[in-house]
Each structure stands twice: as C-alpha cells, then as structure tokens.
Amino acid sequence: GFIPPFEFDFYMGKAATTQAYQIYLNFILLVSSLGVAIYGNSIASYFNKQRERTLEERNIELSALNRIASAIRNVIDVQQMANEIVRNLTDSLRFRAALILAVSEEDERLKVYTQRRTMTAQVSARLGTALEDLYLPLDDTENPVYRALREQKRCFSMDLGELVKGVRPYISMGAARTLQREYNFHKIAAVPLIAERRLVGGLVAFSEDDWITNDDLAALGRYADQAALVLDNAELIEKLRTQNIELERVSQVKSEFLA
C-alpha cells in the first residue's frame, strides 16, 4: 500500500530524498483514510439514529391505533369515542391539537367533536360558544374544507378562517385568525373519514410547524382509516342503544295499556 520511491525535484531545485517524499505521501494517505473512515462512521450513525427515531415513532403510532381499536369495547357515546381518538392523536403524532367533524344524517349536520381539556375550554370562552355546539349544515357548499372532504380528498390550509366559513353559530374570520395566531397554528390538515366507501366525517389536525412532512401525513392517513371504522361503530352502537330505549318505552306503554 505504499507509493514506490522515485526522484523528484523539490524547492530551490534541490532533490528531495525519495524516503522523505514517501513518508510525506504515506502521511497524506493515512490522514485521508482516517477522514473517510470518520465521515463514514458519522453518516452511519446519523442514519441509525434516524431509523431508531422512525421505529420509535411508528411504535407510538401503532400503540395509539391499538388503544383506539380496543376503546370501542368500553364506549359510552360518540362524544367519548371522539375524545379518545383526538387524545391519542395529539399524544402520538406531532400535532398540537385536533378535532373531528362527524356526519349526522339524522340532524343533517356536520358536528364538531374535540378533546375535553384546558385549551378547548379556553377557545370556547374566546368564541363565546362551546366547540361541541358548532356545526355545519350538510348541504353547505361554501366551506372549502368540507368540500374537499365530500370529494374524499385531503386538504391543507394555513388559514383557520377557511375552516369556520359557514359554521353555525357564526364565527368571524377575524376571530378565527386571532385564535390561530395566539395558539401558533401554522398548518391545518384535514383528511376524510371513510367507512364502507361513505364519508362519516373528517379528521382535522393543527400543527405548529411551517410544513407537514410526508411521514406525518401518511401517519395521519393511517390514523384516519382506523378512526373512521371506530367512529362508525360507535355511532351504530349509539343508534342501537337509542332504538332499544325507545322499544322499551313502547313496550312499557303497551303493557300498561293492556293491564
């Protein structure tokens, strides 16, 4: 691995010794080799850390999805289920806040569900109305977020004012943008909740980052797929529970009439 010695004229026309020149080149090669080795180790270490972080985030995401899937066994109502979905999303994914827009064909509304926590109470106080009292008529055509959800498309926005367009009770765009600045929401992502090829709602996530990465978007999509099925089951259970209560009431009235 050494350079063969040869004669070379150096400074001032003096002949450098072949031995000194060989030592010099060998030193340069050694330093270069060490530099390459250190750089290679640094690159390998960087990718190992990235892979470990990705695996850790994926494990957290899978744990959250499993908790959502198992939560249906103890569900009391849709509100409780929605609260569990949002809580797990903000705990496991890199979003500051989230809410669910659920289709209610019976009320002909797109209802708002979110997590019961301090931020929710603060926002409700600022708006002068509880978030769970907000809704959007199912026949609305002006709201760009709802329009994208109806087309079963994902949508992104940097303006909270677009999300509240057409919402009742009325919320001004100015009030929405003030809230957005106060809570430092830079990006808003909305993905449709699809169960058996029909829209059951939308999952809206708020990020403090200036952009949402492809990995974050893919994770949000997987979360939405699971959330749609669970939410649809929760709504079905709630309908069956309501029907059972009504049947019991009718049966009791009939029994009293025949007595």
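In this text, all values refer to a predicted model and were calculated from it rather than measured experimentally. The residues of the chain are indexed from 1 along the displayed sequence.
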Cluster link [X] to [Y], ILVMFWY, side chain under 4.5 Å:
| X | Y | result |
| --- | --- | --- |
| L93 | V86 | yes |
| L203 | F206 | no |
| L99 | M158 | no |
| M173 | L134 | no |
| Y223 | L101 | no |

Would you compute the distance between atom [atom1] of [X] and atom [atom2] of [Y] and round it to the nearest 0.5 angstrom?
| X | Y | atom1 | atom2 | result |
| --- | --- | --- | --- | --- |
| M119 | T90 | CE | OG1 | 9.0 Å |
| R87 | Q115 | CZ | CD | 7.0 Å |
| D232 | L193 | CG | CG | 10.0 Å |
| L229 | E196 | CG | CD | 8.5 Å |
| L127 | D133 | CG | CG | 11.5 Å |
| S157 | F185 | OG | CZ | 13.0 Å |

Could you tell me if the side chain of [Y] sits less than 4.5 Å from the side chain of [X], heavy atoms only?
| X | Y | answer |
| --- | --- | --- |
| R147 | E142 | no |
| R96 | E208 | yes |
| L220 | L89 | yes |
| I212 | F95 | yes |
| L131 | V123 | yes |
| N143 | L136 | yes |
| I85 | Y113 | no |
| C155 | L149 | no |

- request: Kindly determine whether Y146 and L110 satisfy side-chain contact (heavy atoms from CB on, under 4.5 Å), including the steps that lead there.
  value: CA-CA 9 Å; Y146 180 42; L110 192 67; 3.6 Å; yes
Checking the side chain of [X] only, and the main-chain atoms of [Y] only, is there a donor and an acceptor separated by less than 3.5 Å?
| X | Y | result |
| --- | --- | --- |
| T129 | P169 | no |
| Q180 | L160 | yes |
| S104 | R109 | no |

- Query: Got a salt bridge between D209 and K187, using NZ or NE/NH1/NH2 to carboxylate O under 4.0 Å?
  - Reply: no
| Sidechain N-carboxylate O distance under 4.0 Å for R126, E182 | yes
Using side-chain contact (heavy atoms from CB on, under 4.5 Å), reason through R177 and D159 one step at a time and then give a plain yes or no. CA-CA 7 Å; R177 289 164 181 163; D159 186 2; 2.7 Å; yes
Shortest non-hydrogen contact between [X] and [Y], atoms and distance:
| X | Y | value |
| --- | --- | --- |
| K165 | P144 | CD-CD, 4.3 Å |
| V164 | S172 | CG2-O, 4.4 Å |
| K111 | D107 | NZ-OD2, 2.8 Å |
| G166 | P137 | O-CD, 4.0 Å |
| G201 | V103 | N-CG2, 3.9 Å |

Subject >> Charged tip of R181 within 45° of Y183 ring normal and under 6.0 Å >> reply: no
The single option from V145, L217, I188 that satisfies side-chain contact (heavy atoms from CB on, under 4.5 Å) with F156 is L217
Decide whether N83 and Q79 meet the rule of one side-chain donor and one side-chain acceptor closer than 3.5 Å. no
- Determine, stepwise, if the pair R94 / T213 fulfils side-chain contact (heavy atoms from CB on, under 4.5 Å). CA-CA 10 Å; R94 289 180 293 198; T213 66; 4.1 Å; yes
